[in-house]
Amino acid sequence: MDVHEFRKAAKQAVDQIADYHESVPSRPVVSNVQPGYLRPLLPAEAPLDPEPFADIAADIESKIMPGITHWSSPGFMAFFPCSSSYPAAIAEMCPAATELETVALDWMAQALGLPSCFLSGGDTHGGGVIHGSASEAILTVMVAARDKYLAAKTAHLPEGEDKEEETWRLRSRLVALGSAGAHSSTKKAAQVLGVRFATVPVDEEHGFALQGPALARTLEELAAKGLEPFYLTATLGTTDVCAVDDFPGIADTLAPRVGTPTEIWVHVDAAYAGSALLLDENKPLAAPMAAFHSFNFNPHKWMLTTFDCSAVWVRSRAHLISALSIKPPYLRNQFSDGDLVTDYRDWQIPLGRRFRSLKLWVVLRSYGLRGLQAHVRKGVTLCESLETKLRQRPDLFSVFTPARFALLSLRLVGESEDQVNRRTEALYEQVNAGGQFYLTSTVISGKFAIRVCTGVAAVQEEHVQKLFDVLVEGTEKLVKGEHG
Ligand code: PLP
């Protein structure tokens with residue numbers, strides 16, 4: 001492809017993308033092809049000769065698209081959104097820079113009301129970096145937490161064999177912690193790092209949020225086994241029900257360890273709900289972060305920034321850099337040696353990196369904070385509207401967890417726990433089989449609940465009303481069927 005052909009094909013691709021976006025509401029939200037559908041449609045081997053781009057584009061529509069689940073559909077109320085926007089899509093087309101990332105993440109931290117320790121110019125020498133996913137961000141900060149902990153625990157030993165032996169002994173005792181509601185990425189990070197993982201229980205009484213006393217009990221149990229807890233993921237907006245852990249309670253429980261060799265690194269995972277901090281009423285949730293070590297959220301989930309973009313901030317960049325910096329001669333230059341530039345390669349696992357800050361910066365400028373606030377508020381309001389409708393039918397539904405950050409969970413009513421579970425699961429399967437909406441479910445403390453997330457940009461009140469009608473109709477049919 002030469003530059004002329006590129007111009008032509010790229011312009012066509014833009015038209016195709018725009019056509020696609022216009023067509024999304026009329027496409028089935030979930031693909032209905034069977035696994036393995038694609039292989040018979042494609043040649044067994046890659047072509048030897050170049051093919052015209054028009055043929056490739058036609059195959060994308062006829063062969064690839066039928067296998068796609070449309071995450072931007074107004075019927076997509078499953079998981080959490082994976083949002084995109086026209087400004088971010090345009091920014092993704094631009095060629096590649098580091099300094100913009102520092103500026104964009106300082107803007108973002110201020111917009112979320114994060115404490116100043118996370119700003120690049122703050123007293124604790126912190127700052128932010130963009131990773132591809134929250135899982136990657138959590139793994140990365142866990143590496144920094146591990147090395148910080150091991151260094152503090154062995155600081156009294158002189159360099160040498162004894163120190164090395166003690167470091168390896170301690171490594172085998174390390175435990176990373178997360179609540180029962182923490183996303184599985186924390187457990188996975190522990191698995192990748194080869195450290196133990198322990199779960200702190202949560203309960204319905206406290207809205208499934210991690211509480212200080214439960215954390216204290218888990219720490220006592222670990223101490224009795226001679227284990228070394230070094231890291232905790234606290235969550236702002238758990239994946240199943242958007243619970244917000246008790247940050248002040250966690251900070252109080254861990255306060256006696258701060259500044260000692262047993263200090264526990266607390267990472268706050270706000271992958272989805274971090275975007276809600278754009279709203280003034282949620283800003284108080286950000287203040288307790290000053291007691292913690294790192295924080296992440298995914299603008300690609302709810303903040304209209306095309307996948308992938310996961311922002312992570314640390315209060316002290318030195319911990320990341322000392323855990324991850326490797327400086328072979330071929331990567332050194334006068335600026336990096338003189339610490340005049342930020343080498344983001346030392347804040348992440350890969351060496352190479354995408355220019356993700358551009359789309360974040362373009363989104364921030366194109367929508368402005370007011371535009372982004374309006375988008376987030378719309379999701380919140382729609383979810384509250386659904387909650388109101390559900391509460392008006394207590395004969396059919398119970399709101400399991402209320403609308404929080406555009407997510408609620410619901411159950412059907414029934415005579416026994418067992419019946420409620422069976423009915424709720426049956427309704428869930430029926431709605432998804434209908435093809436108009438796509439929802440996800442969860443099971444907490446043995447209770448099956450349907451999750452509805454109204455954060456996708458295309459969702460409007462009419463879709464929420466339609467979903468409610470579908471829920472009512474489905475439930476009435478189910479109950480009638482039981483009696484018939
Ligand atoms: N943390 C939370 C709270 C999540 O809800 C999710 C995914 O939904 C993740 C982490 C993982 O995100 P990622 O796919 O960016 O790794």
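We count residues from 1, following the sequence as given. Order of listing sets the numbers, starting from 1, for every ligand and every atom in it.
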Margin query: Out of all atoms in ligand 1, which are within 4.0 Å of some heavy atom of N298? Include the element for each.
Written below: 12 (O), 15 (O)

Notebook entry, point to check: Any idea which protein heavy atom is nearest atom 1 (N) of ligand 1, and the distance to it?
Noted result: D269 OD2, 2.5 Å

Next item on the list: Considering the heavy atoms of S185, write down every atom of ligand 1 situated less than 4.0 Å from one of them.
Entry: 10 (C)

Notebook entry, point to check: For atom 9 (C) of ligand 1, which candidate among E136, H183, H131 holds the nearest heavy atom?
Noted result: H183

Item checked: Within 45° cone of W347 ring axis and under 6.0 Å: R345 NZ or CZ -> no

Notebook entry, point to check: Hey, are T102 and Y344 close enough side-chain-wise for a donor-acceptor pair under 3.5 Å?
Noted result: yes

Next item on the list: To the nearest 0.5 angstrom, please state how far the CZ atom of R411 sits from the OG atom of S398.
Entry: 6.0 Å

Notebook entry, point to check: What's the shortest distance from atom 13 (P) of ligand 1 to any protein heavy atom, and which residue and atom give it?
Noted result: A134 N, 3.5 Å

Note to self: Between E204 and K447, does any side-chain N to carboxylate O distance fall below 4.0 Å?
What the structure shows: yes

Margin query: Among all the protein's non-hydrogen atoms, which is closest to atom 5 (O) of ligand 1, and how far away is it?
Written below: T239 OG1, 2.8 Å

Checklist line | Ring centre gap for F79 and W71 strictly below 6.0 Å | finding: yes

Notebook entry, point to check: So is S310 close enough to ligand 1, meaning a heavy atom under 4.0 angstrom away?
Noted result: no

Checklist line | Distance from atom 16 (O) of ligand 1 to nearest protein heavy atom, with residue and atom | finding: S135 OG, 2.5 Å

Note to self: Distance under 4.0 Å to a non-hydrogen atom of F80: what atoms of ligand 1 satisfy this?
What the structure shows: 5 (O), 8 (O)

Note to self: Which residue and atom name correspond to the protein heavy atom nearest atom 8 (O) of ligand 1, and how close is it?
What the structure shows: K301 NZ, 3.1 Å

Note to self: Which residue in the set F307, F80, Y272 passes ring-ring contact (aromatic ring centres under 6.0 Å, His included) when paired with H300?
What the structure shows: F307

Note to self: Hydrogens and angles aside, do T442 and R451 bring a side-chain donor and acceptor to less than 3.5 Å of each other?
What the structure shows: no

Margin query: Taking only non-hydrogen atoms of G237, do any sit less than 4.0 angstrom from ligand 1?
Written below: yes

Checklist line | side-chain hydrogen bond (donor to acceptor under 3.5 Å, both in side chains) between T239 and H183, intermediate numbers included | finding: CA-CA 6 Å; T239 312; H183 186 264; 4.5 Å; no

